[in-house]
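Note that the coordinates shown come from a computational prediction; the quantities given were computed from them, not determined experimentally.
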Amino acid sequence: MFVLGLTGGIGSGKSKVSEWFAEQGVTVVDADVLARQVVAKGSKTLYQIVAKFGDWVLTAEDELDRRAMREYIFARPQALMDLEQITHPAIRHAAKQQVAAATSPYVVLVAPLLLEASEAGLANLCQRVLVIDSREDLQVVRASTRDGQTVASIERIMANQLSREARLAQADDVVTNNASLAELYAQLEPLHQRYLAMAAQSA
C-alpha cells in the first residue's frame, strides 16, 4: 500500500487537506484520533500508563485525565519520553492495522509530529511526505480561533514543534495554505493525480 504522510504545524490546515483527500475516496488514518483511541477507558495502554505514573492520571470515570497528564509532562521531559514509550508503539500498531485494512488506491496518514516523533515510527510507514506550510501569524490566528486556546499557549506549542525550515527540508511535496480554501484545493488536485499514478506503479 502506498502511504502518503501528511503533516504541518498547528493551524496550518491539515484537517482541511485530509478532509479533501477523504472526499476523493482516499482512506485517511489520523494519528491524533488513534492517540485518543489507544488510551480509551479500559485499554491495555491506559493500564500501562497508570502502572507507570499512578492512579492520579485517571479521572473519576476511570478515563485518562488529559489535562493533568499534559501539565505533568510539560515540565518533565523524561516523563514525556516515558509516556511516548508506552503510547507510540500502540499508535504505530493501530496505524498499521488501518493501513492494511484500507481499500482505497493509497492512504493518507495524518500526523502533526510525523517528522518529530521518530519513536512512533510513523514516518517509516510512509513512502512520501506532504507538508502543509503556512505563515506563522496565520497559524496562531487559526489555532486560537479553532481551539479556544490563548495566543501564548499556541506559540508555546509551535516552539516545541519542528521549525518550518526543518519541516520543509524533509518534505517531498509542499502545499502552501496562506490564502483561500479554493487556492489550497487547487494545489491538491495535481498531487492527488500524481499519488494515484505512484500508487498504481508501486502496486
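- Residues Q127 and D172 have side chains not in contact (no heavy-atom distance under 4.5 Å, counting atoms from C-beta outward).
- Counted by atom type alone, S104 and T27 present one or more donor-acceptor pairs between their side chains at under 3.5 Å.
- For the pair D65 and A68, the tightest heavy-atom approach, listed with the atom from each and the gap, is OD1-N, 3.1 Å.
- Ionic pairing of D173 and R194 is present here: one or more N-O contacts between side-chain nitrogen and carboxylate oxygen are shorter than 4.0 angstrom.
- What you find for S18 and S15 is that their closest heavy atoms are OG-O, 3.0 Å.
- Scanning all heavy atoms of the two residues, the minimum distance from R135 to R164 falls at CA-NH1, 4.0 Å.
- Cation-pi geometry between R76 and F74 is not satisfied (NZ or CZ under 6.0 Å from the ring centre, within 45° of the ring normal).
- For the side chain to side chain contact (heavy atoms under 4.5 Å, CB included) with V107, the lone residue among V26, L125, V99 that qualifies is V99.
- Ring geometry, F21 versus H192: the interplanar angle exceeds 60°, so the pair is classed perpendicular (tilted spans 30 to 60°).
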Distance-only criterion, 3.5 Å: show the donor-acceptor pairs between side-chain atoms of residues 181-191 and protein atoms not counting sequence neighbours.
from : atom 1 : to   : atom 2 : distance (Å)
Q187 : OE1    : T176 : N      : 3.1
Q187 : NE2    : T176 : O      : 2.7
Q187 : NE2    : E183 : O      : 3.3
E189 : OE2    : Q193 : NE2    : 2.8

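- In terms of the side chain to side chain contact (heavy atoms under 4.5 Å, CB included) criterion, residue partners of D82 (sequence neighbours excluded) are, by chain and number, K52, F53, Q78, Q85.
- Environment of CG in D137: crowded, with over 12 heavy atoms of neighbouring residues, nucleotides or ligands closer than 6.0 Å.
- Side chains of R66 and R36 form a contact here, defined as non-hydrogen atoms less than 4.5 Å apart.
- Between I10 and M158, the closest side-chain pair of non-hydrogen atoms falls below 4.5 Å.
- Looking at L109, V28, V108, V131 one by one, the single match for side chain to side chain contact (heavy atoms under 4.5 Å, CB included) with L6 turns out to be V108.
- Between L83 and M69 there is a side-chain heavy-atom pair separated by less than 4.5 Å.
- In terms of heavy atoms, K14 sits closest to V110 at CB-CG1, 4.4 Å.
- Using a 4.5 Å heavy-atom cutoff, the side chains of L138 and N178 are in contact.
- The two residues P112 and D32 make their nearest non-hydrogen contact at CG-OD2, 3.5 Å.
- Inter-residue side-chain proximity for Q170 and V129 is flagged as unmet; no heavy-atom pair is nearer than 4.5 Å.
- Across all their heavy atoms, V17 and I132 have their closest contact at CG2-CD1, 3.7 Å.
- Under the side chain to side chain contact (heavy atoms under 4.5 Å, CB included) rule, L34 has a single partner from I91, V39, T87, which is I91.
- A donor and an acceptor atom, one from each side chain of S134 and R142, are located under 3.5 Å apart.
- Between L58 and V50, some side-chain heavy-atom pair lies under the 4.5 Å cut-off.
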